[in-house]
Structure formats: C-alpha cells, structure tokens
Amino acid sequence: MSEAKKYSAPVTNAETAPFWEAAKQGKFMIKRCTACGEAHYFPRSICPFCYSDKTVWEQSSGEGTIYTYSLMRKSPTGPYAIGYVTLKEGPSLQTNFVDCDLTTLKIGQKVKVVFKPTDGAPLPFFTPV
C-alpha cells in the first residue's frame with residue numbers, strides 16, 4: 001500500500017489568516033468587493049477589478065466546473081493533473097485535481113473543493129462530483 005501524499009504547510013500572513021482559519025473548519029472562502037460587486041480569488045484586501053479596498057469575506061459553495069486542465073503522466077512523484085476551475089460564484093482559480101481517475105477528467109466537468117491536511121492549515125484541491 002502506498003503512503004499518503006504529504007503536502008507542505010501554507011505560508012500565512014495577516015491578510016490571508018482568515019482564509020486559512022476557515023479552511024481548518026472545512027470552509028472555502030473568497031473575497032467580494034462591496035464597491036463593484038465582483039468576487040475574487042485568491043482573497044486579498046484590494047479588489048483586482050476596481051482597486052477598491054472595500055472587500056469582505058464570503059464563504060464559497062466550493063463547487064465549480066473545470067475550465068481547462070493538463071494531465072502530467074510522467075513525474076518523479078507520479079501522475080497528476082492541474083487546471084483551472086471556475087467557481088459557481090464567478091472567480092476562476094488554478095488548482096490540482098485529486099482523489100479521482102485523472103484520465104476521466106473533462107472540460108466542463110462539475111467539481112468540488114476538498115481539503116488535504118498539512119502540518120498547518122489544510123490545502124484546498126478539487127475533485128469531481
């Protein structure tokens with residue numbers, strides 16, 4: 001039986017601490033700008049759309065669809081897949097796909113967030129629904 005993959009703990013700071021604290025509770029957080037209404041990920045205090053500092057934390061459903069992906073079949077650590085997921089709330093983010101048969105991934109496929117443990121806060125990844 002193979003050993004479970006180990007992930008490095010994320011580096012946190014005051015700006016991202018609420019994201020990582022929520023991740024410890026299984027919640028996937030995004031930011032929303034109250035000036036322009038746009039949601040964004042990775043959560044940061046300045047809106048990337050209008051540059052306002054009027055942003056608030058919002059819990060995401062953690063659900064989305066695969067926009068694009070790449071399957072890496074040859075790697076020293078074994079096959080893996082990375083890609084972009086568009087969340088139901090609008091933002092797109094780069095991620096790894098886990099806990100699935102990587103050869104069955106499809107563009108447009110529904111996925112959901114899953115958290116993988118580290119020595120610190122858990123890391124968010126996505127898996128097919």
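Worth saying up front: this structure is predicted, and the values here are computed from it rather than measured. No hydrogens, no waters, no symmetry mates; every other heavy atom, side chains included, goes into these values.
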For [X] against [Y], the heavy-atom pair lying closest together:
{"X": "Ser45", "Y": "Glu15", "answer": "N-OE2, 2.6 Å"}
{"X": "Pro122", "Y": "Phe115", "answer": "CB-CB, 3.8 Å"}
{"X": "Ala9", "Y": "Gly120", "answer": "CB-N, 3.6 Å"}
{"X": "Ser92", "Y": "Thr86", "answer": "OG-OG1, 2.9 Å"}
{"X": "Met29", "Y": "Ala22", "answer": "CG-CB, 3.3 Å"}
{"X": "Leu102", "Y": "Tyr80", "answer": "CD1-CA, 3.6 Å"}

Any residue meeting side chain to side chain contact (heavy atoms under 4.5 Å, CB included) with Ala17, in chain and number order, not counting sequence neighbours: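 Listed in chain order: nothing, the list is empty.
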Side chain to side chain contact (heavy atoms under 4.5 Å, CB included) partners of Ile46, counting only residues at least two apart: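 If we apply the side chain to side chain contact (heavy atoms under 4.5 Å, CB included) test to Ile46, skipping adjacent residues, the hits are Tyr51, Asp53.
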Any donor-acceptor N/O pair, Arg32 side chain to Thr55 backbone, under 3.5 Å: no
Flag, side chain of Gln109 to backbone of Lys106, donor-acceptor distance under 3.5 Å: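 Pair found, side chain donor or acceptor close to backbone of Lys106.
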Sequence-distant partners of Tyr7, ring-ring contact (aromatic ring centres under 6.0 Å, His included), two or more places apart: Phe125
Contacts of type ring-ring contact (aromatic ring centres under 6.0 Å, His included), residue Phe42, not counting sequence neighbours: Phe19
Are [X] and [Y] packed together at the side-chain level, in the sense that at least one heavy-atom pair is separated by less than 4.5 angstrom?
{"X": "Glu63", "Y": "Val129", "result": "no"}
{"X": "Val114", "Y": "Pro124", "result": "no"}
{"X": "Pro43", "Y": "Tyr41", "result": "yes"}
{"X": "Cys36", "Y": "Ser52", "result": "no"}
{"X": "Trp57", "Y": "Lys31", "result": "yes"}
{"X": "Trp20", "Y": "Leu123", "result": "yes"}

Connected via hydrophobic side-chain network under 4.5 Å: Phe97 and Ile107: yes
Would you compute the distance between atom [atom1] of [X] and atom [atom2] of [Y] and round it to the nearest 0.5 angstrom?
{"X": "Leu71", "Y": "Thr103", "atom1": "CG", "atom2": "OG1", "value": "7.5 Å"}
{"X": "Glu38", "Y": "Ile30", "atom1": "CD", "atom2": "CD1", "value": "11.0 Å"}
{"X": "Glu58", "Y": "His40", "atom1": "CD", "atom2": "NE2", "value": "10.5 Å"}
{"X": "Thr95", "Y": "Leu87", "atom1": "OG1", "atom2": "CG", "value": "9.5 Å"}
{"X": "Thr16", "Y": "Arg44", "atom1": "OG1", "atom2": "CZ", "value": "12.0 Å"}

Sequence neighbours left out, what passes side-chain hydrogen bond (donor to acceptor under 3.5 Å, both in side chains) with [X]? Give chain and number order.
{"X": "Glu89", "result": "Ser60, Ser61"}
{"X": "Thr65", "result": "none"}
{"X": "Thr34", "result": "none"}
{"X": "Thr77", "result": "Ser75"}

Residue pairs passing the side chain to side chain donor-acceptor pair (under 3.5 Å) test where at least one lies in residues 117-127, sequence neighbours excluded: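 Qualifying pairs, neighbours excluded: none.
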Other ILVMFWY residues reachable from Val11 by side-chain steps of under 4.5 Å: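 Reading the cluster by chain and number, Val11 sits alone, since nothing else belongs.
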Nonpolar side-chain network containing Val56, other nodes, edges under 4.5 Å: none
Asp101: salt bridge (charged side-chain N to carboxylate O under 4.0 Å, His left out) partners, not counting sequence neighbours: none
Check ion pair Asp99-Lys112 (N to O, under 4.0 angstrom): no
Sub-6.0 Å ring centroid separation between Tyr69 and Phe126: no
